[in-house]
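Report on the following structure.
Whatever order the structure lists them in is the order used to number ligands and atoms, beginning at 1. By convention here, the first residue in the shown sequence is residue 1.
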Amino acid sequence: MHTRVAVIGSGPAGLTAALYAARANLEPLVIRGLQPGGLIATTSEVENYPGFVDGIGGFELADNIEKQAERFGTKYRDTLITSIDASQRPFVLHTDDGDQITADTIIVSTGASPRKLGVPGEDVLANRGVSYCATCDGFFFRDKRVVVVGGGNSALDEGLFLTRYVKELVIIHRRDSLRADPILQERAFSNPKVRFVWDSTVDEILGEQSVTGVKIRNLKTGEVTLHETEGVFPYIGHVPNTKIFTGLLDLDENGYIKADHNTRTNIPGIFAAGDVVDHVYRQAITAAGEGCKAAMEAVWYLADQDFKASKAEAINA
Ligand code: NAP
């Protein structure tokens, strides 16, 4: 199958890129990947996306943009890209189901994934008490005790969402002050279900069939204590999803794609937008803005290529 614009990833950056490319009559193909809608679709409530006075659910926001892009001709495919051959034009994208897609331009918007704690028990108890998505799994922790790790916006936002269900929420943070926005701090400090454990990290997640507790280390005193809990939600930042681009696109020392102000990567015709590039702002609205830019760049790039091709044809005729 051939497409003029392949968009890899379906968060706000990819979907907005698709919307703009579709409105330019390019019938983009969005490869939805492992997390349709991107991380925003796992976010409970989005209160700072302009235009929604009362906020909007993260899933609903992503779903709306997807439908909006579809209305103008965007196509979707649920597969994973395993490698890209950029040595030829069109580019060749290999999928995990053994298929190939050729594309004249590519917009990379593969986003970022939650960073893991990297402690014993985390992997083995994943989906058995360890979760990275409060919106998806909060309901399963009704009247239970839950731990959130981290002190940023995600930890507080998603922790506060969990308080709808849980009977006790303990937020474990490695320092004694939070990185989260003041408005979230105020809400957390005034919530009777929330307690903070400062200057501490989780050393181990305990449990056989499911989570029963965590080992908490106080970083100032070195003291290790056992804390009983049925759930652990790590919210300690993200890592960019750039594994398949290693050796193809220029990456920075943390693995984020290096793109210029116009979303251009080191390979002409490949653009990058959203959390896969941005480790500073990482907002749905900035990702959407970058997606818009990437699509406009792709449109201009294709127009330029088409012009050159028709000129060459005219000379040869
Ligand atoms: P973040 O802002 O990078 O915060 C990560 C938190 O985890 C920090 O408190 C950090 O501690 C802690 N941490 C990092 N590595 C750790 C480790 N190995 N062990 C224990 N703790 C560790 O990440 P985020 O909260 O996911 O937010 C990402 C971006 O999304 C931010 O730009 C944020 O503003 C945005 N966001 C916004 C909203 C909103 O506007 N409502 C909601 C969610 C996310 P230190 O503080 O000590 O570094």
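With hydrogens and angles ignored, the 3.5 Å screen pairs a side-chain donor or acceptor of Glu230 with a backbone N or O of Arg145. Side-chain atoms of Arg128 come within 3.5 Å of backbone N or O of Gln209 as a donor-acceptor pair.
Taking the six-membered ring for Trp, Phe189 and Phe196 have ring centres closer than 6.0 Å.
In the model, Asp250 has no side-chain atom that pairs as donor or acceptor with a side-chain atom of Thr265 under 3.5 Å.
Using a heavy-atom distance under 4.0 Å as the criterion, the protein contacts of ligand 1 are Asn48, Gly150, Gly151, Gly152, Asn153, Ser154, Asp157, His173, Arg174, Arg175, Arg179, Tyr235, Ile236, Gly237, His238, Val280, Tyr281, Arg282, Gln283.
At a threshold of 4.0 Å, the pair Glu47-Arg187 counts as salt-bridged, since one of the basic side-chain nitrogens sits closer than that to a carboxylate oxygen.
Across Leu302, Asp104, Leu29, Ile106, a single residue satisfies side-chain contact (heavy atoms from CB on, under 4.5 Å) together with Val5, and that is Leu302.
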